[in-house]
Amino acid sequence: MEKITEDRIKVLISEEEIKERIAALGKEIAKDYEGKDLHLICILKGGAFIACELAKSIQIPLSIDFMAVSSYGDATVSSGRVKIIKDLDDPVEGKDVLIVEDIIDSGNTLANLLQLLQTRKPNSIRICTLLDKPDRRVTDVHVDYVGFQIPDKFVIGFGLDYAQKFRNLPYIGVVE
Ligand code: IMP
Ligand code: MG
(Lines give C-alpha, C1' and ligand atoms only; values in the text may rest on other atoms or scores of the structure.)
(Ligands and ions follow the chains in the order given, each with its own letter.)
Protein backbone atom coordinates (compact mmCIF):
# COMPACT_ATOMS: atom_id res chain seq x y z
CA MET A 1 0.00 0.00 0.00
CA GLU A 2 1.19 3.47 -0.94
CA LYS A 3 2.75 5.42 1.90
CA ILE A 4 1.32 8.87 2.58
CA THR A 5 3.50 11.43 4.30
CA GLU A 6 2.12 14.59 5.92
CA ASP A 7 3.79 16.91 3.39
CA ARG A 8 1.57 15.45 0.68
CA ILE A 9 -1.67 16.40 2.46
CA LYS A 10 -3.35 19.63 1.37
CA VAL A 11 -6.17 21.20 3.42
CA LEU A 12 -9.45 20.99 1.50
CA ILE A 13 -11.77 22.06 4.33
CA SER A 14 -10.35 23.74 7.41
CA GLU A 15 -11.12 22.88 11.03
CA GLU A 16 -12.88 26.24 11.42
CA GLU A 17 -15.08 25.71 8.35
CA ILE A 18 -16.08 22.25 9.58
CA LYS A 19 -16.95 23.59 13.03
CA GLU A 20 -19.11 26.35 11.61
CA ARG A 21 -20.90 24.04 9.19
CA ILE A 22 -21.64 21.42 11.85
CA ALA A 23 -23.00 24.11 14.18
CA ALA A 24 -25.33 25.31 11.40
CA LEU A 25 -26.48 21.75 10.68
CA GLY A 26 -27.15 21.24 14.38
CA LYS A 27 -29.38 24.32 14.48
CA GLU A 28 -31.28 23.20 11.40
CA ILE A 29 -31.76 19.68 12.79
CA ALA A 30 -32.91 20.97 16.19
CA LYS A 31 -35.56 23.05 14.43
CA ASP A 32 -36.73 20.17 12.23
CA TYR A 33 -36.94 17.69 15.11
CA GLU A 34 -38.55 19.90 17.75
CA GLY A 35 -41.05 17.76 19.70
CA LYS A 36 -39.86 14.52 18.07
CA ASP A 37 -38.00 11.53 19.46
CA LEU A 38 -34.65 12.22 17.79
CA HIS A 39 -32.33 9.22 17.77
CA LEU A 40 -28.90 9.61 16.21
CA ILE A 41 -27.30 6.53 14.71
CA CYS A 42 -23.60 7.05 14.31
CA ILE A 43 -21.91 4.88 11.70
CA LEU A 44 -18.53 3.81 13.02
CA LYS A 45 -15.75 4.50 12.76
CA GLY A 46 -15.59 7.64 10.65
CA GLY A 47 -19.02 8.94 11.62
CA ALA A 48 -18.03 9.20 15.28
CA PHE A 49 -16.10 12.41 14.66
CA ILE A 50 -18.99 14.36 13.18
CA ALA A 51 -21.63 12.65 15.37
CA CYS A 52 -20.09 13.91 18.62
CA GLU A 53 -19.73 17.49 17.36
CA LEU A 54 -23.19 17.45 15.83
CA ALA A 55 -24.88 16.03 18.93
CA LYS A 56 -23.43 18.85 21.02
CA SER A 57 -24.78 21.48 18.64
CA ILE A 58 -28.34 20.06 18.56
CA GLN A 59 -30.06 21.90 21.40
CA ILE A 60 -33.01 19.54 21.88
CA PRO A 61 -33.20 16.20 23.76
CA LEU A 62 -31.84 13.26 21.77
CA SER A 63 -30.47 9.77 22.17
CA ILE A 64 -27.52 8.25 20.35
CA ASP A 65 -26.48 4.76 19.32
CA PHE A 66 -23.60 3.31 17.32
CA MET A 67 -23.36 0.81 14.52
CA ALA A 68 -20.54 -0.57 12.39
CA VAL A 69 -21.28 -2.04 8.97
CA SER A 70 -19.50 -3.09 5.84
CA SER A 71 -21.12 -3.26 2.45
CA TYR A 72 -20.90 -6.21 0.11
CA GLY A 73 -21.44 -3.82 -2.75
CA ASP A 74 -24.32 -3.95 -5.19
CA ALA A 75 -27.38 -2.46 -3.49
CA THR A 76 -29.60 -3.29 -6.44
CA VAL A 77 -29.34 -6.94 -5.45
CA SER A 78 -31.96 -6.18 -2.79
CA SER A 79 -31.73 -6.71 0.95
CA GLY A 80 -29.23 -8.49 3.12
CA ARG A 81 -26.22 -6.89 1.45
CA VAL A 82 -24.93 -5.11 4.47
CA LYS A 83 -22.78 -6.93 6.97
CA ILE A 84 -23.27 -5.84 10.54
CA ILE A 85 -19.95 -5.63 12.37
CA LYS A 86 -21.50 -4.06 15.46
CA ASP A 87 -25.25 -3.82 15.81
CA LEU A 88 -27.23 -1.14 17.62
CA ASP A 89 -27.76 -1.52 21.37
CA ASP A 90 -31.31 -0.16 21.36
CA PRO A 91 -34.45 -0.71 19.27
CA VAL A 92 -35.37 2.03 16.80
CA GLU A 93 -39.09 1.27 16.62
CA GLY A 94 -41.16 4.45 16.73
CA LYS A 95 -38.09 6.70 16.88
CA ASP A 96 -37.09 9.50 14.52
CA VAL A 97 -33.79 8.15 13.33
CA LEU A 98 -31.05 10.33 11.93
CA ILE A 99 -28.15 8.36 10.47
CA VAL A 100 -24.84 10.19 10.82
CA GLU A 101 -22.12 9.30 8.30
CA ASP A 102 -18.70 10.65 7.45
CA ILE A 103 -19.02 10.44 3.66
CA ILE A 104 -21.35 9.21 0.97
CA ASP A 105 -19.51 7.92 -2.03
CA SER A 106 -21.20 5.23 -4.17
CA GLY A 107 -24.18 5.29 -1.80
CA ASN A 108 -24.22 1.50 -1.63
CA THR A 109 -23.54 1.19 2.09
CA LEU A 110 -26.25 3.63 2.99
CA ALA A 111 -28.85 2.26 0.60
CA ASN A 112 -28.36 -1.16 2.10
CA LEU A 113 -28.38 0.13 5.64
CA LEU A 114 -31.61 2.06 5.02
CA GLN A 115 -33.31 -1.11 3.81
CA LEU A 116 -32.16 -2.95 6.89
CA LEU A 117 -33.23 -0.26 9.35
CA GLN A 118 -36.64 0.17 7.69
CA THR A 119 -37.47 -3.40 8.71
CA ARG A 120 -37.10 -2.32 12.35
CA LYS A 121 -39.99 0.14 12.01
CA PRO A 122 -38.65 3.55 12.99
CA ASN A 123 -41.11 6.45 12.81
CA SER A 124 -38.83 8.17 10.29
CA ILE A 125 -35.32 7.92 8.89
CA ARG A 126 -33.15 10.71 7.56
CA ILE A 127 -29.50 10.94 6.68
CA CYS A 128 -26.84 13.43 7.67
CA THR A 129 -23.36 13.27 6.19
CA LEU A 130 -20.33 15.46 6.67
CA LEU A 131 -19.21 14.96 3.07
CA ASP A 132 -20.95 14.04 -0.14
CA LYS A 133 -19.24 13.02 -3.38
CA PRO A 134 -22.20 13.22 -5.78
CA ASP A 135 -20.09 12.39 -8.87
CA ARG A 136 -19.40 8.95 -7.46
CA ARG A 137 -23.00 7.92 -6.83
CA VAL A 138 -23.95 4.45 -8.06
CA THR A 139 -27.04 3.91 -5.91
CA ASP A 140 -29.47 6.78 -5.56
CA VAL A 141 -30.01 7.75 -1.93
CA HIS A 142 -31.75 10.86 -0.65
CA VAL A 143 -29.47 12.72 1.74
CA ASP A 144 -31.24 15.23 3.97
CA TYR A 145 -28.34 17.07 5.60
CA VAL A 146 -25.00 17.55 3.86
CA GLY A 147 -22.00 19.28 5.39
CA PHE A 148 -20.03 19.78 2.20
CA GLN A 149 -20.23 18.53 -1.35
CA ILE A 150 -16.75 17.66 -2.55
CA PRO A 151 -15.22 16.68 -5.90
CA ASP A 152 -14.26 13.12 -6.70
CA LYS A 153 -11.01 13.07 -4.74
CA PHE A 154 -9.78 10.79 -2.00
CA VAL A 155 -9.94 12.67 1.28
CA ILE A 156 -8.73 11.99 4.81
CA GLY A 157 -9.22 13.48 8.25
CA PHE A 158 -12.11 14.31 10.58
CA GLY A 159 -12.93 10.60 10.77
CA LEU A 160 -11.91 9.57 7.27
CA ASP A 161 -9.03 7.18 7.01
CA TYR A 162 -6.40 5.89 4.68
CA ALA A 163 -5.55 2.34 5.79
CA GLN A 164 -7.00 3.20 9.24
CA LYS A 165 -4.69 6.18 9.71
CA PHE A 166 -5.29 9.96 9.57
CA ARG A 167 -8.80 9.87 11.09
CA ASN A 168 -7.50 12.21 13.79
CA LEU A 169 -6.61 15.10 11.47
CA PRO A 170 -8.79 18.03 12.62
CA TYR A 171 -9.39 19.12 9.00
CA ILE A 172 -10.35 17.43 5.72
CA GLY A 173 -7.26 16.88 3.62
CA VAL A 174 -6.65 15.73 0.12
CA VAL A 175 -3.60 13.72 -0.86
CA GLU A 176 -1.51 15.30 -3.58
P1 IMP B 1 -20.16 3.99 -0.19
O2 IMP B 1 -21.00 5.23 -0.18
O3 IMP B 1 -20.93 2.73 0.01
O4 IMP B 1 -19.31 3.90 -1.42
O5 IMP B 1 -19.14 3.95 1.00
C6 IMP B 1 -18.76 5.04 1.71
C7 IMP B 1 -17.59 4.61 2.56
O8 IMP B 1 -16.40 4.52 1.76
C9 IMP B 1 -17.32 5.65 3.62
O10 IMP B 1 -18.00 5.37 4.81
C11 IMP B 1 -15.81 5.57 3.76
O12 IMP B 1 -15.45 4.60 4.70
C13 IMP B 1 -15.30 5.13 2.41
N14 IMP B 1 -14.82 6.28 1.60
C15 IMP B 1 -15.39 6.77 0.47
N16 IMP B 1 -14.69 7.82 -0.02
C17 IMP B 1 -13.66 8.01 0.83
C18 IMP B 1 -12.58 8.97 0.87
O19 IMP B 1 -12.41 9.87 0.03
N20 IMP B 1 -11.70 8.83 1.91
C21 IMP B 1 -11.83 7.87 2.87
N22 IMP B 1 -12.83 6.97 2.87
C23 IMP B 1 -13.73 7.02 1.86
MG1 MG C 1 -16.80 4.48 6.51
Side-chain angles (χ1 to χ4, degrees), residues 1-15 17-19 21-22 25 29 39-55 64-88 92 97-119 125-176:
M1 202 168 257
E2 195 192 354
K3 181 122 179 88
I4 295 178
T5 49
E6 297 251 358
D7 58 306
R8 285 179 56 199
I9 305 170
K10 198 184 106 203
V11 177
L12 184 69
I13 307 168
S14 72
E15 186 174 3
E17 286 175 284
I18 298 171
K19 254 193 197 156
R21 186 69 191 114
I22 293 178
L25 282 175
I29 290 165
H39 187 63
L40 301 184
I41 293 184
C42 164
I43 308 303
L44 297 169
K45 302 169 184 158
F49 292 72
I50 173 188
C52 295
E53 291 306 311
L54 186 67
I64 186 164
D65 204 351
F66 299 84
M67 189 172 193
V69 297
S70 79
S71 186
Y72 291 121
D74 196 353
T76 57
V77 191
S78 84
S79 60
R81 307 298 297 182
V82 67
K83 183 179 172 196
I84 300 176
I85 311 289
K86 183 223 170 291
D87 207 342
L88 298 168
V92 298
V97 166
L98 181 62
I99 298 173
V100 184
E101 256 285 26
D102 49 3
I103 190 165
I104 302 174
D105 190 41
S106 71
N108 288 337
T109 311
L110 217 48
N112 288 318
L113 183 63
L114 274 175
Q115 276 190 2
L116 177 97
L117 290 178
Q118 289 288 8
T119 66
I125 304 191
R126 284 186 183 175
I127 297 167
C128 176
T129 185
L130 177 62
L131 303 177
D132 182 18
K133 274 187 198 172
D135 299 345
R136 295 264 304 170
R137 203 72 90 251
V138 173
T139 307
D140 192 30
V141 278
H142 179 75
V143 188
D144 304 272
Y145 305 97
V146 176
F148 303 90
Q149 284 201 345
I150 60 164
D152 180 12
K153 286 189 174 157
F154 191 80
V155 291
I156 50 176
F158 216 91
L160 290 144
D161 71 301
Y162 175 74
Q164 296 303 326
K165 297 280 166 43
F166 302 109
R167 292 190 199 274
N168 57 320
L169 294 178
Y171 56 87
I172 300 291
V174 59
V175 184
E176 303 259 88

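Computed over heavy atoms, backbone and side chain alike; hydrogens, waters and symmetry mates excluded. Order of appearance sets the numbers: ligands from 1, and atoms from 1 within every ligand.
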Using distance alone, determine whether Ile156 and ligand 1 share an N or O pair under 3.5 Å.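 By distance alone, the answer is no.
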
Taking non-hydrogen atoms only, is [X] closer than 4.0 angstrom to ligand 1 via side chain, backbone, both or neither?
X      : answer
Asp102 : side chain
Lys133 : side chain
Leu160 : side chain

Evaluating non-hydrogen atoms only, which member of [options] is closest to [atom]?
atom                    : options                        : result
atom 23 (C) of ligand 1 : Ile103, Leu110, Thr139, Val155 : Ile103
atom 15 (C) of ligand 1 : Ile172, Asp105, Leu131, Ile104 : Asp105
atom 18 (C) of ligand 1 : Phe154, Phe166, Tyr162         : Phe154

With heavy atoms of [X] as the reference, note each atom of ligand 1 found under 4.0 Å away.
X      : answer
Glu101 : 10 (O)
Lys153 : 19 (O)
Thr109 : 1 (P), 3 (O), 5 (O)
Asp161 : 21 (C)

Okay, side chain of Lys86, backbone of Val69: is any donor-acceptor separation there less than 3.5 Å?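 No; judged by distance alone, with no hydrogens or angles, the pair does not exist.
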
I'd like to know if Arg137 pairs up with Asp132 as an ion pair, taking the criterion as any Lys NZ or Arg NE/NH1/NH2 lying under 4.0 Å from an Asp or Glu carboxylate oxygen. yes

Among the heavy atoms of Gly107, does any lie under 4.0 Å from an atom of ligand 1?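 Within the 4.0 Å threshold, so yes.
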
Of all heavy-atom pairs between Phe166 and Ile156, which one has the smallest distance, and what is that distance?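 Heavy-atom minimum between the residues: CG-CD1, 3.8 Å.
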
To check you understand the geometry: which heavy-atom pair defines the closest contact between Asp161 and Phe154, and what is its length? O-CZ, 3.5 Å

Could you tell me whether the side chains of Lys45 and Gln164 share a donor-acceptor contact shorter than 3.5 Å?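 Side chains of Lys45 and Gln164: pair found under 3.5 Å.
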
Result of checking Tyr162, Phe158, Phe49 against Arg167 for side-chain contact (heavy atoms from CB on, under 4.5 Å):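 For Arg167, the side-chain contact (heavy atoms from CB on, under 4.5 Å) test succeeds with only one of Tyr162, Phe158, Phe49, which is Phe49.
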
side-chain contact (heavy atoms from CB on, under 4.5 Å), paired with Ile104, selected from Thr139, Ile127, Val146, Leu131: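 One option only clears the test, and that one is Ile127.
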
For Asp140, I'd like to know if atom CG has over 12 heavy atoms of other residues, nucleotides or ligands within 6.0 Å. no

